[in-house]
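Right, one structure below, let's go through it.
No hydrogens, no waters, no symmetry mates; every other heavy atom, side chains included, goes into these values. Residues take their numbers from the sequence shown, with the count starting at 1.
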Amino acid sequence: MPTLEWIGKSKVINHHQKVPFRVLERKYSFDENGQHSEDNGSENMIIRGDNLEALKALLPRYEGRVKCIYIDPPYNTGNEGWVYNDNVNDPKIKKWLGEVVGKEGEDLTRHDKWLCMMYPRLKLLQKLLADDGCLIISISYHELHNLVNLLREIFGTKQIVTVTVQTSGGKPSGGFNYVQEYLVFVVPADFHANALDFCGGNNRTPFEGLTLSTFDKTQRPNQTYPIFIDENGVFAGVGKSLQEQIDDGSYTGEKDAYHLDFPF
């Protein structure tokens, strides 16, 4: 299987093993009665501290037990101002400490820094994840391909599935306008997803897709149309848009009552 190489890889492969174990110390409880010093018995935790050390501190109690993990790492766009701060014993990496990671073309090691930051954290997440658990990672195009290759190397027996998430877009400052981000799923090899019925703050059918856009079929009827799949699961054609059906009288109901899922 192809592997990904980058500056500093050989130094961070085992860095998660060198991270010291920290003891989690309860400071206070918080519930419907607000904040108080008494222990309310809840197993929920908000951990304040370095995230690499926090993950290591969870291992004694939760190794192989976590069913679902979601992380939102830096997208490495060059505009986030994130800093590489892992204490890796290597002269090249020590030069990175405390420096804001720069933009594409300005910082020639920006992808190396991101990969060095991600690798030990993913190794600890691998240890925390249950055999039937799911890891979900938000990412943009800047590091998508690096992330997928990294996950394949660390989670070799798992499914690595990338899902496009439509955003609301925006006006580009120059060049192409990207209107999507991604969710990368690390799931068991025999995992099958359930149909989606809610996303983007709205109830949606499975065929409306995963989207963060706020408009729906009532606001964009000219962009709402049926896609026909036959009994063998093969694409069979595309129907008229909702607006076309309204205009020719073939649909007379309310826009929000228009069904996208119906037998072919």
Side-chain angles (χ1 to χ4, degrees), residues 4-9 11-13 15-16 19 46-58 68-88 90 92-126 128 134-155 160-186 199-201 210-214:
L4 193 62
E5 297 295 332
W6 68 89
I7 296 173
K9 180 178 181 180
K11 304 300 181 181
V12 300
I13 283 180
H15 181 59
H16 64 286
V19 175
I46 297 176
I47 302 174
R48 294 181 178 177
D50 180 88
N51 54 28
L52 190 57
E53 293 184 349
L55 292 173
K56 189 71 173 279
L58 291 172
C68 184
I69 301 172
Y70 170 75
I71 63 172
D72 186 13
Y75 284 8
N76 209 15
T77 64
N79 298 314
E80 296 161 303
W82 76 276
V83 176
Y84 182 88
N85 269 330
D86 289 350
N87 186 26
V88 178
D90 179 73
K92 290 182 180 178
I93 294 179
K94 284 186 178 295
K95 291 180 181 179
W96 299 344
L97 298 179
E99 295 184 359
V100 174
V101 177
K103 297 181 179 181
E104 195 76 56
E106 297 177 1
D107 186 343
L108 300 182
T109 58
R110 60 194 302 271
H111 298 290
D112 303 286
K113 293 170 183 173
W114 189 87
L115 287 162
C116 282
M117 180 273 296
M118 289 295 293
Y119 195 95
R121 288 160 177 80
L122 290 173
K123 289 293 289 186
L124 291 175
L125 290 172
Q126 179 194 35
L128 289 166
C134 175
L135 168 62
I136 308 160
I137 306 172
S138 290
I139 201 67
S140 69
Y141 72 91
H142 301 83
E143 296 291 355
L144 173 64
H145 299 293
N146 284 336
L147 175 62
V148 170
N149 285 323
L150 199 59
L151 292 171
R152 285 175 178 159
E153 184 171 332
I154 296 174
F155 297 88
I160 312 296
V161 182
T162 301
V163 176
T164 302
V165 182
Q166 179 186 347
T167 64
S168 56
K171 296 180 179 179
S173 57
F176 292 102
N177 184 20
Y178 291 90
V179 293
Q180 74 280 339
E181 294 177 359
Y182 305 91
L183 288 175
V184 182
F185 289 78
V186 179
C199 189
L210 187 60
T211 177
L212 296 179
S213 60
T214 56

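Across all their heavy atoms, D112 and I7 have their closest contact at OD1-N, 2.9 Å. Of all the heavy atoms in D86 and L97, the pair that sits closest is O-CD2, 3.3 Å. Between G81 and V100, the shortest heavy-atom contact is CA-CG1, 3.5 Å. Heavy atoms only, all atoms of each residue included: P73 and S138 are closest at CD-O, 3.4 Å. Closest of all the heavy-atom pairs between L122 and F155 is O-CZ, 3.8 Å. Scanning both residues, P74 and I139, for their nearest heavy atoms gives O-CD1, 4.1 Å.
The side-chain heavy atoms of L115 and K9, taken from C-beta on, include no pair separated by under 4.5 Å. At a threshold of 4.5 Å between non-hydrogen side-chain atoms, the residues V101 and W96 do not count as touching. In this structure, the side chains of W114 and W6 stay at 4.5 Å or more apart for every pair of heavy atoms. Within the 4.5 Å cutoff, no side-chain heavy atoms of T109 are placed close to those of K92. Counting heavy atoms from C-beta on, the side chains of T164 and T162 never come closer than 4.5 Å. Using a 4.5 Å heavy-atom threshold, the side chains of K94 and N87 count as touching. You'll find the side chain of N85 stays beyond 4.5 Å of the side chain of D50, heavy atoms only. Between L151 and I137, the closest side-chain pair of non-hydrogen atoms falls below 4.5 Å.
With values rounded to the nearest 0.5 angstrom, E80 atom CD is found 8.5 Å from Y75 atom OH. Taking CG from L52 and CE from M117, the interatomic distance works out to 10.5 Å, rounded to the nearest 0.5 Å. Atom-to-atom distance recorded for R121:CZ and I71:CD1 is 9.5 Å, nearest 0.5 angstrom. Considering CG of L4 and CD of E153, their distance stands at 7.0 Å, rounded to 0.5 Å.
When atom types are taken as modelled, the side chain of K11 and the backbone of D90 share no donor-acceptor pair closer than 3.5 angstrom. Although no hydrogens or angles enter the test, the distance criterion places a donor-acceptor pair under 3.5 Å between the side chain of R110 and the main chain of G102.
For K123, the side chain to side chain contact (heavy atoms under 4.5 Å, CB included) partners at least two apart in sequence or on another chain are H16, Y119, Q126, I154. Under the side chain to side chain contact (heavy atoms under 4.5 Å, CB included) criterion, H142 pairs with T77, S140, not counting sequence neighbours.
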